[in-house]
Amino acid sequence: MASAAVESFVTKQLDLLELERDAEVEERRSWQENISLKELQSRGVCLLKLQVSSQRTGLYGRLLVTFEPRRYGSAAALPSNSFTSGVCVLT
């Protein structure tokens with residue numbers, strides 16, 4: 001009986017996670033359609049005008065890429081953002 005309860009719990013959590021992901025994808029899509037890229041960058045949702053500063057092979061053969069702004073000098077700091085390791089950057 002405990003096994004059935006665990007399976008039910010896991011199934012429910014997976015369903016909820018899928019709903020949450022779908023809602024997040026829809027929210028991002030709405031942002032892309034209705035908000036300028038500069039505004040999205042100021043909200044920390046996207047980063048504009050990046051270039052690759054280095055790349056190397058990491059654990060298990062994964063490609064590790066480090067980005068930097070195209071601008072150089074003291075203004076070259078990235079704006080605050082919500083990106084973490086594992087985020088996929090699309091061009």
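All residue numbers in this chain count up from 1 along the given sequence.
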Item to complete: Take atom CD of Glu27 as the centre, draw a 6.0 Å sphere, and report whether it contains more than 12 heavy atoms from other residues, nucleotides or ligands.
Response: yes
Fill in: Leu50-Val52 co-clustered via ILVMFWY side chain contacts under 4.5 Å
yes
Worksheet item: Minimum heavy-atom separation for Ser42 to Glu39, with atom names?
Response: OG-O, 2.7 Å
Fill in: All salt bridge (Lys or Arg N to Asp or Glu O under 4.0 Å) counterparts of Glu24, not counting sequence neighbours
none
Discussion item. Hydrophobic clusters here meaning ILVMFWY residues chained together by side-chain heavy-atom distances under 4.5 Å, can you tell me if Val6 and Leu14 are in one?
Written reply: yes
Discussion item. So which atom in Leu40 and which in Gln32 form the shortest heavy-atom distance, rounded to 0.1 Å?
Written reply: CD1-CA, 4.5 Å
Practice prompt. Look only at the side chain of Gln51 and the backbone of Arg70, and say whether a donor-acceptor pair between them is shorter than 3.5 Å.
Written response: no
Worksheet entry | Gap between atom CD of Glu68 and atom NZ of Lys49 - 0.5 Å precision | 15.0 Å
Worksheet entry | With sequence neighbours excluded, residues passing salt bridge (Lys or Arg N to Asp or Glu O under 4.0 Å) with Arg29 | Glu26
Worksheet entry | Test log, rule side chain to side chain contact (heavy atoms under 4.5 Å, CB included), inputs Leu17 and Glu20 | CA-CA 5 Å; Leu17 285 170; Glu20 181 180 25; 3.8 Å; yes
Response to the item:
CG (Leu63) and CZ (Arg56) are apart, to the nearest 0.5 Å, by 9.5 Å
Response to the item:
Residues Gly58 and Leu64: closest non-hydrogen pair is CA-CD1, 3.6 Å
Worksheet entry | Shortest non-hydrogen separation from Gln41 to Leu48 and the atoms involved | OE1-N, 2.7 Å
Practice prompt. Report the residues that fulfil side chain to side chain contact (heavy atoms under 4.5 Å, CB included) with Thr11, sequence neighbours left out, ordered by chain and then residue number.
Written response: Asp15
Discussion item. Tell me the closest heavy-atom pair linking Ile35 and Arg43, and the distance in Å.
Written reply: CD1-NH1, 3.2 Å
